[in-house]
Number of protein chains: 2
Amino acid sequence: MSANSKLTVAAHALAWIGLYQRRGHEVATSEQIAASVNTNPVVIRRLLAELRKAGLADSRRGVGAGWMLSREPTAITLLDVYEAVEPGPLFALHRSTPNPECVVGRGIGPAMTTVYDDVETALRKELAKTTLEDVLRGVLNAT
Amino acid sequence: MSANSKLTVAAHALAWIGLYQRRGHEVATSEQIAASVNTNPVVIRRLLAELRKAGLADSRRGVGAGWMLSREPTAITLLDVYEAVEPGPLFALHRSTPNPECVVGRGIGPAMTTVYDDVETALRKELAKTTLEDVLRGVLNAT
DNA sequence: CATTGTCGTAACTGGATTGGTTACATTAAG
DNA sequence: CTTAATGTAACCAATCCAGTTACGACAATG
């Protein structure tokens, strides 16, 4: 089953930072974001560290430290976030390799891989359509 | 991460049954299938039980028992299999509900849901393109 | 230069999920 | 009645993940 709320939380965090900056603040703290997400600050820091590695966010240290976006909300797509946060493939093959003596055991991997590749391509294309700016607009409209 | 090998194994099992039937046999046993997948027969039975519930496979009991397809391979798409085997949504929202006092906390759920709906639609459309017949052909070509 | 507020990160925990395994009742052919 | 298979419950071990605690690193500020 999908335990996959990482993308949601990542988008939440970025949206929060984006909105906060738009209101004139320099940086947002992991504690503020955690309060909105309703989780622990460390969870947020870990997640944002991945986004930083992907060049989507950045952090300052010391007093007055916190997080900011590395790019304009219009220049961050959900595909960027997805890739930063979900490295593995959507569908996996077998966990223990199937019987190589069997035609199906040999052929099923390649056969499914081509399908999965197409599915992932479609998924990426769809995620690329939405920017953080769109998310921000959606968030404000939902009020 | 994707621990999602269920779809792969389900397709494997159905392909095995399909090929076996095509070669003139009436039914395939969970033990035969398990030997090809390289797992335990009970795992296969559990999985096939789900596919049976979805009307894709059927089973006989008693001596000479086993499994058969309920429809022609051309009439079974990977979307059918996916729906039979993966009931939950691809992306989940937060596990603990976000802070409703916060604009982002309130709006992020609806905003992401619309995106996720589009993504799932794209994914389903892609999975619907491939039938078990296609998989079977792919398996045999891979040899 | 000491204080302070925040990040960075390791380590541990508890809960949930999952695949595998054993065991045994049920079923139907011969 | 015997036999070969499914149906299903129960349990185990491994894995994963979010949450939590703890503490070191860092930089602004007075």
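Quick note on labels: first sequence line is chain A, next is B, and so on, each numbered from 1. Everything numeric in this text was worked out from a predicted model, so none of it was measured.
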Quiz prompt | Side chains of T131(A) and D134(A), donor plus acceptor under 3.5 Å | solution = yes

Quiz item: Mind checking whether Y116(A) and F91(A) have parallel, tilted or perpendicular rings, split at 30° and 60°?
Solution: parallel

Quiz item: Do the side chain of R61(B) and the base of dT6(D) come within less than 3.5 angstrom through a donor-acceptor pair of N or O atoms?
Solution: yes

Quiz prompt | OP1 or OP2 of dG20(C) under 4.0 Å from side-chain N/O of T39(B) | solution = yes

Practice problem: Please determine, for the side chain of S59(A), which listed nucleotide (dT22(C), dT6(D), dG8(C)) has the closest atom? | Solution: dG8(C)

Quiz item: Which residue, A65(B) or V42(B), contacts DNA chain D at a nucleotide closer to its 5' end, judged by nearest heavy atom?
Solution: A65(B)

Self-check item: Test item: side-chain donor near acceptor, R95(A) and S5(B), under 3.5 Å
Solution: no

Quiz item: Considering heavy-atom distances to DNA chain D, does G62(A) or R45(B) have its closest nucleotide positioned more toward the 5' end?
Solution: R45(B)

Exercise. Could you tell me whether the phosphate oxygens of dT20(D), OP1 or OP2, come under 4.0 Å of any side-chain nitrogen or oxygen in N40(A)?
Key: yes

Quiz item: Which nucleotide in the set dG7(D), dA18(D), dG20(C) lies at the smallest distance from any side-chain heavy atom of S96(A)?
Solution: dG20(C)

Exercise. Verify the distance criterion only: is there a donor paired with an acceptor across the side chains of Y82(B) and T77(B) at less than 3.5 Å?
Key: no

Quiz item: Please give, in whole Å, the distance from dA5(D) C1' to M68(B) CE?
Solution: 12 Å

Quiz item: For R46(A) and V63(A), take the nucleotide of DNA chain C holding the closest heavy atom to each; which residue's nucleotide lies nearer the 5' end?
Solution: V63(A)

Quiz prompt | Interatomic distance, R60(B) CZ vs dG30(C) P [rounded to whole Å] | solution = 10 Å

